[in-house]
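Note: hydrogens, waters and symmetry copies are ignored here, and every other heavy atom, side chains too, is used. To find a chain, count down the sequence lines: A is the first, B the second, and so on, and within it residues start at 1. As the structure is a prediction and not an experimental result, all values here were calculated from the model.
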There are 2 protein chains.
Amino acid sequence: MIDHRRLRVALLGAGSVGSQVANLLLTQASELSERAGADLELAGIAVRDVDAARDVDLPRELLTTDAESLIVGADIVIELMGGIEPARTHILAALNSGADVVTGNKALLATHGAEIFDAADQLGASVSYEAAVAGAIPIIRPLKDSLAGDRIQRIFGIVNGSTNFILDKMDREGLSAEEAQRIATDLGYLEADPTLDLEGYDAAQKAAILASLAFHTHVSLDDVHREGIENITADMIDGARRAGFTIKLLAVCERLEGEDGESISVRVYPALISREHPLASVHGGNNAVFVEAAAAGDLMFYGAGAGGIQTASAIMGDVVSAARRHIAGGVGVGESPRQSLPTAPIGRIMTRYQVTLEVADEPGVLAQISGIVSEAGVSVATVEQTPSSDAEGRAHIVIGTHRAREQALSDTVARLAESDVVERVVSVLRVEGE
Amino acid sequence: MIDHRRLRVALLGAGSVGSQVANLLLTQASELSERAGADLELAGIAVRDVDAARDVDLPRELLTTDAESLIVGADIVIELMGGIEPARTHILAALNSGADVVTGNKALLATHGAEIFDAADQLGASVSYEAAVAGAIPIIRPLKDSLAGDRIQRIFGIVNGSTNFILDKMDREGLSAEEAQRIATDLGYLEADPTLDLEGYDAAQKAAILASLAFHTHVSLDDVHREGIENITADMIDGARRAGFTIKLLAVCERLEGEDGESISVRVYPALISREHPLASVHGGNNAVFVEAAAAGDLMFYGAGAGGIQTASAIMGDVVSAARRHIAGGVGVGESPRQSLPTAPIGRIMTRYQVTLEVADEPGVLAQISGIVSEAGVSVATVEQTPSSDAEGRAHIVIGTHRAREQALSDTVARLAESDVVERVVSVLRVEGE
């Protein structure tokens, strides 16, 4: 090794990912520096509480509560504090002082991404965030670089490991939602406040980041249509299984071409997916992302969606790349300029639906319901009627539609709900991946 | 768009991939230049015969037979001629003249990679080759950058679409090898000379490239243990199915730790893989690559392994990235320095095996055979004996072993072949992905 440059690395945060990153920087130093073409010196680790318990023992002398001073003079700043502030201020300070930034902060990027990327562009620095989406799976770099010469039409996938763990437990072991959630909490898949995961906020943040990158536009968390898995019951999963489906919480980002030009739809919801589809075999806390590109066709990326050491791999890839960039000279290679594509309302999307109704078990009901649906211009693909197991004199009707516009479908469901023969709309689920 | 720089792009070769690349450069110019931050001007296309028929109509005035002149003054040279010469000379000339190079030439990189990467490093230029392995699937960049901070233990996958198409046809439609090959040829999956695909040369070239990158070492085609699918029969596929397996041509790159230090094994062979394994569902001409990394865990990359337009996507991603690099300034970010890890002989690898023997259908044969196997130190996991369908008085014995060293296994097979009770060793197949 000849005349290596030394790069000072500042680490902000020593939680489950941060402590693993620190450990890799300390224990794999010689391999990493060889690959980076520079010695990566861990200058310090900013934490809230120097005495807090950590996943990995870290040298006491590296810990500090003074993030501001640590950032000054750093060549690479790794932000793993999470949350909006003070992470945002620290990242902007790091860019201003000439450092490249590596972050896994999806909440920040999904809300203040434009501000941060603009600052990086103006300052000639780089912001890397492979760890922000789908943990260890390389998806950001493939979208940003490998597919930079292609036109991405659609991305859909499982990007939240906790909810996938829960749905998978319910599907494979017949557990109730409560039981599955309890196990997920015990195993550390769910936070003390599980709202971010269960209500789809975490997946929506990731969808905003993926859509922004894939469509070269600005998508913020507010642009994402979001439904969580709070209302998914064991019965719904059971019904899905009988129809050849499983239920997955999906993030879907797609381009829509309309008379009024191009728009995009970015949404997160639990959807039916055929048991034959590769996403149906994504078990436990794993993630998988499908990308449909005009030239490349269908691509899939699969791996661990979370976990301290797994996510640390993505952070370290970004750190080594940032170090190589520093050594090579030149300014940071920014992202593509971003347009501002309008976000279509959820009513604009087209997909297939499966509507389950509880009805009076009387002759003529099926005909009446089919009439309401077809009057609304929604084309019925399958109808199945079974006696209700829990209510005497009632039946369940499951209507599978052909591809329909969401607006027409929700109008139809509203009319069904008002109809005399329908006791209750049990569930409305979209079918994806077809 | 303010004050765009213009970059001259020279294209060498206008075959199935090259003509699609030219078409994308011509028809998507404004989108591409926006993403690249520079106008990408297709300066010319070097071909052997200006009048040859092409997949895509290309402007006559761009075609030239004078590659040397075209290269002079180009900022980015895309080499899609294939083969060793004159591709090698042209690439070195391009690097010498200060251009960045994008190539899909696996044969060249698997034999002269070290020379080309060294030249690029010394000249501060970049050589990108996403298209050289697994067509449209982003795998090179994830290995080079995203996993640069991790330690890759093992890569295995399906990297040749033609042979996967043939094996898949045999498996799913019960065709003979000849029938499946005929269809593959008719559909353009196989070249007029199918040797490169059928005998595993193409997969071995890709394995050499993947192993070099993943293990930061120099692996040349000669270091790759190579077996093709020439001897795979419908009977073998049928037997595999009955045992819960399918047969896939796999490229396997792995680190081996031994008493004498670290070595690597790089090999291509048809292997049994459980029907439950995700690789078993890779159908037709698709490719999929599994990566096992110390921190990231298991990752999978899946997509189209070949095809002109699909592979053009990978080329264009490299072109846009090279253009951004040009605009950002600085030297090309090279690859990690490479060690020279020794390649272990095939006898050193450990895996499970399935050995099929034709034996005399007599009492005591099974015991005798089990004796020979266990004497050799290979541990038997399963034994199954079935009467032979095509030879009177004979039986087939299928022995599934526990993990064993290849050397011990081949010694055992040699002893079995010599034994009086064994008429014929029908097949010896390795089991991968467990």
Side-chain angles (χ1 to χ4, degrees), chain A residues 1 20 24 28 31-32 34-37 124 130 135-138 140-142 145-151 216 278 281 286 288 291 293-304 307 309-310 312-321 324-325 327-334 336-337 339, chain B residues 1 20 24 28 31-32 34-37 124 130 135-138 140-142 145-151 216 278 281 286 288 291 293-304 307 309-310 312-321 324-325 327-334 336-337 339:
Chain A
M1 285 299 90
Q20 296 288 353
L24 288 173
Q28 320 265 309
E31 269 195 52
L32 289 170
E34 199 164 339
R35 293 203 209 137
E130 187 62 78
I137 308 172
I140 298 299
R141 205 172 289 272
D145 298 330
S146 311
L147 290 160
D150 206 331
R151 184 179 169 84
H216 312 283
S281 336
N286 286 310
V291 178
D298 288 0
L299 302 169
M300 185 176 82
F301 303 81
Y302 167 90
I309 181 75
Q310 292 86 349
S313 167
I315 294 285
M316 292 310 302
D318 279 347
V319 169
V320 169
S321 298
R324 289 176 179 160
R325 207 282 295 173
I327 302 305
V331 299
V333 174
S336 301
Q339 330 156 49
Chain B
M1 287 296 92
Q20 296 289 353
L24 288 173
Q28 321 264 311
E31 270 195 51
L32 289 170
E34 200 165 339
R35 294 203 209 137
E130 187 61 79
I137 307 172
I140 298 299
R141 203 172 291 272
D145 297 329
S146 312
L147 290 160
D150 207 331
R151 183 178 169 85
H216 312 283
S281 333
N286 286 309
V291 178
D298 287 1
L299 302 169
M300 184 176 83
F301 302 81
Y302 167 89
I309 181 74
Q310 291 86 348
S313 167
I315 293 286
M316 292 309 302
D318 280 347
V319 168
V320 169
S321 299
R324 289 175 178 160
R325 208 281 296 173
I327 301 305
V331 300
V333 174
S336 301
Q339 328 157 51

One pair to check against side-chain contact (heavy atoms from CB on, under 4.5 Å): Leu32(B) and Val320(B). What are the steps and the verdict?
CA-CA 7 Å; Leu32(B) 289 170; Val320(B) 169; 3.9 Å; yes
Atom CZ of Arg141(A) and atom CG of Asp145(B): how far apart are they, to the nearest 0.5 Å?
4.5 Å
Heavy-atom pair count under 4.5 Å with chain A, highest-scoring of Leu299(B), Ile315(B), Asp318(B)
Leu299(B)
Chain A contacts, top residue of Gln20(B), Gln28(B), Glu130(B), His216(B) (heavy-atom pairs, under 4.5 Å):
His216(B)
Sequence neighbours left out, what passes side chain to side chain contact (heavy atoms under 4.5 Å, CB included) with Asn286(A)? Give chain and number order.
Val282(A), Tyr302(A), Ala304(A)
Counting heavy-atom pairs under 4.5 Å with chain B, which one of Met316(A), Met300(A), Gln310(A) comes out on top?
Met300(A)
Among the options Gly303(A), Ala136(A), Ser146(A), pick out the one with the most heavy-atom pairs lying under 4.5 Å from chain B.
Ser146(A)
Can you list the residues that meet the side-chain hydrogen bond (donor to acceptor under 3.5 Å, both in side chains) rule with Glu31(B), with sequence neighbours excluded?
Arg151(A), Arg35(B)
With a 4.5 angstrom heavy-atom cut-off, is it the side chain or the backbone of Ile137(A) that approaches chain B, or both, or neither?
both
Kindly determine whether Leu147(A) and Asp150(A) satisfy side-chain contact (heavy atoms from CB on, under 4.5 Å), including the steps that lead there.
CA-CA 5 Å; Leu147(A) 290 160; Asp150(A) 206 331; 4.1 Å; yes
